[in-house]
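Structure, as structure tokens:
Each residue takes its place number in the sequence, starting with 1.
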Amino acid sequence: MLDELFVRYSSLEGCRDSISVALEILLAAYNSGGKVLVCGNGGSASDAEHIVGELLKKFKKHRDIPEDLAAKLRPELASKLEGSLPAVSLVSMSGIMTAFANDVAWETAFAQQVLGLAKPGDVLIALSTSGNSANCVAAAEVLKAIGGRTVAFTGE
């Protein structure tokens with residue numbers, strides 16, 4: 001799939017090594033039973049929602065639900081479900097995000113969510129055009145302290 005990516009989007013060729021490392025980080029998290037948390041601001045918040053949506057359902061390649069789970073469900077329900085990769089959009093949790101931002105500090109609203117949701121081995125995808133969004137940086141700091149890793153998408 002990576003080769004197809006670089007054929008379709010040759011402008012990403014300069015990022016090949018970084019993209020390959022990011023893929024390995026994500027695969028390691030999923031292979032060990034971890035999850036992905038995603039955050040960003042503005043347009044990057046919309047991108048965070050989209051990424052999580054694609055992980056929770058098929059993107060390009062169909063993923064079956066586990067057979068043992070399918071056997072416990074009505075066939076017509078099981079046939080309409082797709083295999084899912086655990087992912088959480090931190091930007092969609094408006095209750096905690098706005099309460100924490102109002103009561104404590106906006107720059108630590110994502111960090112508070114990471115504190116409550118993350119486990120060692122999880123991955124944070126932080127989206128920031130500048131690469132300096134304080135709330136994304138703080139979330140990455142907390143995840144690192146917990147024992148997770150961050151994949152950051154920055155710049156153009």
Where is the tightest heavy-atom contact between Gly40 and Cys136, given as atom of each residue plus distance? CA-SG, 4.0 Å
Please find the pair of heavy atoms, one from Trp106 and one from Ala101, that lie closest to each other, and give the distance. CE3-CB, 3.5 Å
Say whether Leu90 and Met97 are linked into one hydrophobic cluster, either directly or through other cluster members, by side-chain heavy-atom distances under 4.5 angstrom. yes
Polar side-chain atom of Glu82 near backbone of Lys58 as donor-acceptor pair, under 3.5 Å: yes
Which heavy-atom pair separates Ile65 from Gly83 by the least distance, and what is that distance? CG2-N, 3.8 Å
Separation between NZ (Lys60) and CD (Glu4), nearest 0.5 Å, reads 4.0 Å
Is it the case that one hydrophobic cluster holds both Val38 and Val137, taking links as side-chain heavy atoms less than 4.5 Å apart, direct or via other members? no
Taking it one step at a time, do Leu55 and Ile51 satisfy side-chain contact (heavy atoms from CB on, under 4.5 Å)? CA-CA 6 Å; Leu55 293 171; Ile51 289 167; 4.0 Å; yes
Give the minimum heavy-atom separation between Val91 and Ala45, together with the two atoms involved. CG2-O, 3.6 Å
Hphob cluster co-occupancy, Leu127 + Val123, side-chain heavy atoms under 4.5 angstrom: yes
Heavy atoms from other residues, nucleotides or ligands near CD of Glu67 exceed 12 (cutoff 6.0 Å): no
If I take atom OH from residue Tyr9 and atom CD1 from residue Ile19, how far apart are they, to the nearest 0.5 angstrom? 11.5 Å
With sequence neighbours excluded, tell me which residues meet salt bridge (charged side-chain N to carboxylate O under 4.0 Å, His left out) with Lys144. none
Gap separating the CG atom of Asp47 from the CZ atom of Phe153, nearest 0.5 angstrom: 10.0 Å
Between Ser32 (side chain only) and Ala29 (backbone N and O only), is there a donor and an acceptor less than 3.5 Å apart? yes
Euclidean distance, Ile125 CD1 relative to Ser44 OG, rounded to 0.5 Å: 12.0 Å
Looking at Lys57, is its backbone amide N or carbonyl O close enough to the side chain of Arg63 to form a donor-acceptor pair, meaning the two atoms are under 3.5 Å apart? yes
Looking at Asn132, is its backbone amide N or carbonyl O close enough to the side chain of Ser130 to form a donor-acceptor pair, meaning the two atoms are under 3.5 Å apart? yes
What verdict does the salt bridge (charged side-chain N to carboxylate O under 4.0 Å, His left out) test give for Arg8 and Asp3, after you've listed the backbone C-alpha separation in whole Å, the side-chain angles of each residue and the deciding distance to 0.1 Å? CA-CA 9 Å; Arg8 292 183 75 190; Asp3 290 335; over 6 Å; no
Mark yes or no for whether Thr154, through its side chain, and Gly131, through its backbone, hold a donor-acceptor pair below 3.5 Å. no
I need the minimum non-hydrogen distance between Tyr30 and Ala87, along with the two atoms involved. OH-CB, 4.1 Å
CG-CG distance between Leu69 and Leu81, expressed to the nearest 0.5 angstrom: 7.5 Å
Answer yes or no: is there a side-chain heavy-atom contact under 4.5 Å between Val21 and Asp17? no
Closer than 3.5 angstrom, by distance alone: can the side chain of Asp122 be matched with the main-chain N or O of Lys35 as a donor-acceptor pair? yes
Phe100 vs Gln113, side-chain contact (heavy atoms from CB on, under 4.5 Å): CA-CA, chis, key distance, verdict: CA-CA 9 Å; Phe100 201 82; Gln113 293 176 75; over 6 Å; no
One pair to check against side-chain contact (heavy atoms from CB on, under 4.5 Å): Leu23 and Leu2. What are the steps and the verdict? CA-CA 9 Å; Leu23 176 62; Leu2 273 184; 3.6 Å; yes
Checking Val52 against Glu54 for the side-chain contact (heavy atoms from CB on, under 4.5 Å) test, could you report, in this order, the C-alpha distance in whole Å, the side-chain angles of both residues, the deciding distance, and whether it holds? CA-CA 5 Å; Val52 169; Glu54 297 296 358; over 6 Å; no
Please check if Leu117 and Ile96 belong to a single hydrophobic cluster, counting links between Ile, Leu, Val, Met, Phe, Trp and Tyr side chain heavy atoms closer than 4.5 Å. yes
To the nearest 0.5 Å, tell me how far Ser128 OG sits from Asn41 CG. 7.0 Å
Examine Phe110 and Met93 and state if one hydrophobic cluster contains both, with Ile, Leu, Val, Met, Phe, Trp and Tyr joined whenever side-chain heavy atoms are less than 4.5 Å apart. yes
Closest non-hydrogen contact found for Ala140 with Leu124 is N-CD2, 3.5 Å
